[in-house]
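Beneath this line is the structure, given in structure tokens, with notes to follow.
Just so you know, ligand 1 is whichever comes first in the structure, and atom 1 is the first atom listed for that ligand. We number each residue from 1, following the sequence as shown. Please read all numbers here as calculations on a predicted model, not as lab measurements.
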Amino acid sequence: MNNMKLIFEKGNTNRGLDLMPECDVPVTHVSAGYERKKELNLPHVSETEISRHYTKLVKRTFGVNNGFYPLGSCTMKYNPKINNEMAGLPGFSDVHPLQPIDTVQGCLEVYQLADKYLGKITGMDAMDFQPAAGAHGEFTGLKLIRAYHQDRNDSKRDKIIVPDSAHGTNPASAAMAGFTVVNVPSTEDGFVDVEALRNAVGEDTAGFMLTNPNTIGLFEEHILEITSIIHEAGGLNYYDGANLNAIMGVARPGDMGFDVVHLNLHKTFSTPHGGGGPGSGPVGCKDILVKYLPTPRIIDNKGMLAFEDKNEKSIGRVKDFYGNFLVVVRALTYMMTLGSEGLKDASENAVLNANYMLHKLKDTFDIPFGNGRCMHEFVMSLEELKKEKSVSALDFAKALLDYGMHPPTMYFPLIVHEALMVEPTETESKETLDEAIEIFKEIYNKACNDPDAVHNSPTTTPIGRPDEVRAARNPILRYNF
Ligand SMILES: *Cc1c(COP(=O)(O)O)cnc(C)c1O
């Protein structure tokens, strides 16, 4: 049961490969030097074997369709099937990026509509859909900030200020975009230390990146003061909106003093994720930054939508072609089926569900920040349990697997020790939440009374505990034939 064969290890090459259809177009040969030197290594399996192989893999995969998946910061909400139905329409899924522009007017309209709605939701003047993920959006947004200062001959501004409660990608993206990262600490309550921020700004401040709600699930209380400190110092404000699930339809980064924002369509806007993609991390910005956005931009040319490529001030392309289009189709479908009231409801219920769980768990678990309140997620600390019973956050997460539940995010954010970050999302019923709450409490009791049982979990999964250090240090990412 445990060692599943790869599909290449199945079948029998002597039996022949009869799944490849006959070629039904004229055969052409590739240019000299580009021909294949060896026979293509395809699995020689029957249709039955293929079907069984993938069914087996499906059984070993855990997704939102299998059970509760409260993976904090990742917004593992249910992805309505209508999104996929729309993305599967041949007019969307069978287009080629180089086909004549008059044949893809509907696709361009999808981008235009998504631009309009997301602009409304974020309070931004324009959106760009090239970035393929959240971190990619951050990189793009920071390049806009860089272009803005350079265009004003203000090139000494090379520092981006990032609070220590930011998502880990924030400092990484700032460094990738060529900035020096300045960290500001959090207060004891988990908010940006406004005084420390005041001391950190100066003539070298290019901008500030805020993850809001921050990684402990709190909405920054002094947000307007924070953004004006940066503006007064001559910097721009960047909003990490990957986790917009708490504020969508309720509050807008554009109204809070932010100049640029990215969203993760693959989180808040209900398109499937996990397993590495495809994602979409559109960037929105205020008027002052529009001229630096990546090209091409979609323009309306006398009733015909077209791409415009000539923009001297643009930071250029950040991705080939026009972004992960079908993800945008799914997100647009989501916005159109929910409407503005529905989107607001989704956020309010996401916050309600998180607070319900927090409230029911706070007497058993240590929830160090938020005074018993949170936005769309909350973070608990198992430091005590670790100290007293040597049951760590990792042990706890592994024990959850035996209950058919995906664990919360572990050991993040770094400012909470033995952290478990729980994000239930709005698409779970009260019954599911109640069941999860009972499971959390049951494991807690087990950890107190029989810690070894927790140390030995999981026992019901195909593999127990992989060697994580080895997996991280010596990953085998490629199959050697
Ligand atoms: C998920 C996340 C990101 C990164 O998004 P990717 O698509 O994984 O690159 C950035 N910031 C926050 C707050 C996130 O939750």
Side-chain angles (χ1 to χ4, degrees), residues 64 69-77 79 118 122 128-143 160 162-177 181 186 190 192 207-220 223 237-248 253 256 258 260-284 318-319 323-324 327-328 330-331 347 350-351 354 374-379 406 408-416 419-425:
V64 170
Y69 204 138
L71 190 66
S73 200
C74 296
T75 314
M76 305 304 283
K77 63 166 83 173
N79 312 128
L118 292 175
T122 55
D128 186 88
F129 292 90
Q130 272 184 34
H136 197 188
E138 292 169 31
F139 175 80
T140 307
L142 288 160
K143 285 285 184 195
I160 292 284
V162 183
D164 64 2
S165 62
H167 194 264
T169 49
N170 292 182
S173 303
M176 285 278 288
V181 178
S186 301
V192 172
F208 173 72
M209 281 183 102
L210 188 73
T211 304
N212 187 55
N214 65 20
T215 51
I216 39 187
L218 304 180
F219 191 99
E220 281 298 338
I223 200 148
N237 290 304
Y238 185 100
Y239 191 101
D240 179 340
N243 296 327
L244 208 74
N245 217 37
I247 67 155
M248 171 177 62
M256 302 173 206
F258 288 86
V260 50
V261 54
H262 86 267
L263 304 173
N264 277 24
L265 300 188
H266 48 287
K267 289 180 182 167
T268 310
F269 295 89
S270 92
T271 90
H273 67 301
S280 176
V283 166
V318 296
K319 191 181 185 303
N324 285 329
V327 179
V328 182
R330 290 183 178 93
S347 278
V351 173
C374 66
M375 294 300 287
H376 62 301
E377 63 191 1
F378 61 92
V379 181
H406 196 287
T409 297
M410 319 178 286
Y411 297 99
F412 186 79
L414 304 176
I415 50 181
V416 176
L420 287 180
M421 183 192 221
V422 184
E423 180 183 10
T425 83

Taking side-chain hydrogen bond (donor to acceptor under 3.5 Å, both in side chains) as the definition, give me every residue that meets it alongside Ser165, ordered by chain and number, with sequence neighbours left out.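 None.
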List in chain and number order the residues that pass side-chain hydrogen bond (donor to acceptor under 3.5 Å, both in side chains) with His136, two or more places apart in sequence or in another chain; answer none if no residue qualifies.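 Scan of His136 (side-chain hydrogen bond (donor to acceptor under 3.5 Å, both in side chains), adjacent residues dropped) gives none.
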Under the 3.5 angstrom rule, does the side chain of Asp240 hit a backbone N or O of Ala242 as a donor-acceptor pair?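 Side chain of Asp240 to backbone of Ala242, a donor-acceptor pair under 3.5 Å: yes, one is there.
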Go through the structure and list residues passing salt bridge (charged side-chain N to carboxylate O under 4.0 Å, His left out) with Asp128, not counting sequence neighbours.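 Arg297.
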Is it true that Thr75 and Glu423 share a donor-acceptor pair across their side chains at a distance under 3.5 Å?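 On atom types as modelled, these side chains qualify, holding a pair under 3.5 Å.
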Do we see a donor-acceptor contact under 3.5 Å between the side chains of Tyr239 and His262?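 Side-chain D/A pair, Tyr239 to His262: absent.
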Sort out the contact shell of ligand 1: every protein residue with a heavy-atom distance below 4.0 Å, listed by chain and number.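 The answer is Ser73, Ala133, Gly134, Ala135, Glu138, His167, Thr169, Thr211, Asp240, Ala242, Asn243, Asn264, His266, Lys267, counting any residue whose heavy atom sits under 4.0 Å from ligand 1.
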